[in-house]
2 protein chains.
Amino acid sequence: MTESTKYLLSEDRLPKAWYNLNADLPVPAPPPLHPGTGQPIGPDDLAPIFPMAVIAQEVTAERWVDIPEPVREVYRLWRPSPLIRARRLEKALGTPAKIYFKYEGVSPAGSHKPNTSVAQAFYNKQEGVKRIATETGAGQWGSSMAFAGSLFGLEVEVFMVKVSYDQKPYRRALMETYGATCIASPSNLTHAGRAILEKDPNSNGSLGIAISEAVEIAASRDDTKYALGSVLNHVCLHQTIIGEEAMMQMEMADDSPDVVIACTGGGSNFAGLAFPYIRENLKGGKTRVIGVEPASCPTLTKGLYAYDFGDTGKLTPLVKMHTLGATFMPPGSHAGGLRYHGMSPMVSHVKELGLMEARAYHQTECFAAAVQFARAEGIVPAPESSHAVKGAIDEALRCKAEGKAETILFNLSGHGHFDMQAYTDYFAGKLKDNTYAEADLQAALAELPKVG
Amino acid sequence: MTESTKYLLSEDRLPKAWYNLNADLPVPAPPPLHPGTGQPIGPDDLAPIFPMAVIAQEVTAERWVDIPEPVREVYRLWRPSPLIRARRLEKALGTPAKIYFKYEGVSPAGSHKPNTSVAQAFYNKQEGVKRIATETGAGQWGSSMAFAGSLFGLEVEVFMVKVSYDQKPYRRALMETYGATCIASPSNLTHAGRAILEKDPNSNGSLGIAISEAVEIAASRDDTKYALGSVLNHVCLHQTIIGEEAMMQMEMADDSPDVVIACTGGGSNFAGLAFPYIRENLKGGKTRVIGVEPASCPTLTKGLYAYDFGDTGKLTPLVKMHTLGATFMPPGSHAGGLRYHGMSPMVSHVKELGLMEARAYHQTECFAAAVQFARAEGIVPAPESSHAVKGAIDEALRCKAEGKAETILFNLSGHGHFDMQAYTDYFAGKLKDNTYAEADLQAALAELPKVG
């Protein structure tokens, strides 16, 4: 009999609900606080920028949240996504371990991000919103939101960090193909943008500034709301469809993971795969859960667990998370999607509860792993996802050294077709393993707000 | 009950054989001729550049050719590919027609090309070949051959047309990620290349020159063979897995196409989807079969059906096909994969037998169709595939005008993630519908060899 390579679920097995880990944790995650009062924020504080359905999901205590049928209908364009057994990689490594990966790069935007952008577009449309304002760094989130907006008939305005706007015209072209408007940030459209431009007309921009611009636009227009692509509870919730599908597929494979691995930037693709497994661990399961982050921006491994702002401009509510400080400027790397000073409060809480492990890698070792993976399995990973690939290969090599036939499952959160410059730089020996100065980290941490 | 979006086949339904239309045609296709003698060529003439198994497939009269298990094993990385019902596009068009598309962009290289590159890599490896030399224009074929080579442990040398080598570094990076060597053509590595460079040191290169270089390398080295990505019978054969899968999937959908549409450059993705339907038509089926080509390179609609060379350098055997003349230089367009002076001899023969229709479109109308498709279905088509999209939309609008609920099936042969510059140019109004001068066409046709 032929051994299976892919495990595909038919459309009728597409999950009907997202999973909320908050319902099962022994201790609830600390609430977000109002930066002015230091008191927990309520739905009204968020109403200017998010639709009520999304706010309700942010704070829900329900274990399962139904996925609306119009969202499932869009999901079916690419979901259920495949679970693939990486037999060729196993062979190349000479490991007794079995390696599986869940492949989220099959989405139209090429990553896991549409799992939440589609849901957010639906809820906004349902509440009569006309326009979504959002930000994007390298463009993964912006193109996912543009895709979702086009399907639900929402205008999408994307504030794109200026240096990426100039250097990554193809991601911008993808957003425009979906009908979105792309604006280089800082821009003249907002107070926040104009304030930066007055000081520095040639500012390269930053994700923090772009967030401030998008939030300002959303808060100042009645017909416009804001959307965020990671970090928040509702985003992690929407991503759990990854893990729920993976569990069914591992069952099809008559197998079950000893180790689950995903990369962590804001935390959402990790949460998506891992939270369902953490639920099972809370009921007695023994799956190790590992988050892999860049050594240049090591939130979980070097950050403090403290209340901090989500943006550099310090406009957002305070959330308790692993943070390098809102003013910390991570050194450049090609894994732009992991270059964030903070971490999902839910993922941070899970880490504090001892329900996950974390480790950090430098980018060149991740690209080496990505190239080995591409030559064995044919798929070129996104630079972000290459961190999970490296984590999986290291675990497989540990199994080899220990003579253990463990089962490893990792999340290949996106393909690298829009990131080939990074591979070119890697082959040319131009990639640097940038590190930050310890003094800069300490300076940023010293600015943490004194609350909570 | 929910209506289905995707029709997925489980791995155990992956076809076990390719289909050879030659076995069922009422008249056999005219044989290739030796350019010196004017006599039909034999296997020995091709042995220096192709492995014997491939030569045997080129001339086989068998109806079905078994797909070797190691090839099926690699196919399973992405095959069976999905058949998707384009319900959102139907709604956007307001058509009573049902539109389905077979999506080949899910392959690791992003197009249908790996269906044959994997097979060719397997047969070469089996016969002890160490290295494949091939050419590529925009890079779709080169990256597909690089991918297949990496999986079977073959070195791959790709002669890439110099203008693309310089302008499309990301396709080149993809080939290098798979471990292939990419050489700007014309190069100093071959007589053919040096001859061109002596006349014009700044030559931009052409597909014809790159073919000559790759063939020369293959013919001059014992351990090296040549691989072609379209046109030839064995390539069309390997691509029929597309149509064989589509037929099973249309059955799952309890439907059957009235019209089947694919774009035609060398002809292989068209052959892949259409030939199985033509087989059924020969047994009494009534499916219309339409090939769509660029108006700037209108082989099937404006070319002569005559014996001609496959390359500009006039080194290949003579094949009877629809041709604009081997020295015809098609004007520039973003659908580089359709920019070829000739057409698959099999597809040409099918056209002469009246078993298919052909039509030509300009590129701007194809991009307009592609953008409409992307905004409805989320997938950004490759510029080549956009010709099939335009054909399908036109048929759907005809159905609307005639009030007919026909079923349309088209081949979405690849995604456009490496072609975003074309979309940028389209939105900027910079795309031109280039046409050729009639005098240039007539001059090229006047050079057709006097044989056959």
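Model, not experiment: these values are computed from the prediction. Only this structure's heavy atoms are used, side chains among them; waters, hydrogens and symmetry mates stay out. First the proteins, then the strands, lettered A, B, ... as listed; each starts at 1.
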Should the ring pair A:His415 and A:His417 be called parallel, tilted or perpendicular, given that the plane angle runs from 0 to 90° and is split at 30 and 60? tilted
Honestly, the part of A:Gln421 sitting under 4.5 Å from a heavy atom of chain B is both
Cation over ring face, A:Arg172 and A:Tyr165, 6.0 Å, 45°: yes
Part of A:Ala376 lying under 4.5 Å from any heavy atom of chain B: backbone
Who among B:Ala374, B:Pro169, B:Ala370 has the most heavy-atom pairs with chain A under 4.5 Å? B:Ala374
Go through the atoms of A:Tyr170 and report whether side chain, backbone, both or neither lie under 4.5 Å from a heavy atom of chain B. both
Which label fits A:Trp18 and A:His238: parallel for a plane angle under 30°, tilted from 30 to 60°, or perpendicular past 60°? tilted
Ring centres under 6.0 angstrom apart (A:Tyr100, A:Phe410): no
Is it the backbone or the side chain of A:Tyr178 that comes under 4.5 Å from a heavy atom of chain B, or both, or neither? both
Find the one option among B:Phe418, B:Tyr423, B:Tyr7 whose heavy-atom pairs under 4.5 Å with chain A are most numerous. B:Phe418
When heavy-atom pairs shorter than 4.5 Å are enumerated against chain B, which of A:Thr424, A:Leu174, A:Leu151 gives the highest number? A:Leu151
Toward chain B, the part of A:Ile84 with a non-hydrogen atom under 4.5 Å: side chain
Might you confirm whether atom CG of B:Asp254 has over 12 heavy atoms from other residues, nucleotides or ligands at distances under 6.0 Å? no
Side chain, backbone, both or neither: which part of A:Arg375 has a non-hydrogen atom closer than 4.5 Å to chain B? both
Toward chain B, the part of A:Leu9 with a non-hydrogen atom under 4.5 Å: backbone
Pairing donors with acceptors under 3.5 angstrom, does anything connect the side chains of A:Trp141 and A:Thr134? yes
Closest-packed option against chain B by number of heavy-atom pairs under 4.5 Å, given A:Thr177, A:Val371, A:Leu8: A:Thr177
Please work out which of the three classes, parallel, tilted or perpendicular, describes the rings of A:Phe367 and A:Tyr426, given edges at 30° and 60°. parallel
With chain A, which of B:Leu77, B:Ile379, B:Val74 has the greatest number of heavy-atom pairs at distances under 4.5 Å? B:Leu77
A:Thr181/A:Glu157 under side-chain hydrogen bond (donor to acceptor under 3.5 Å, both in side chains): CA gap, chis, key distance, verdict: CA-CA 5 Å; A:Thr181 305; A:Glu157 277 185 18; 5.8 Å; no
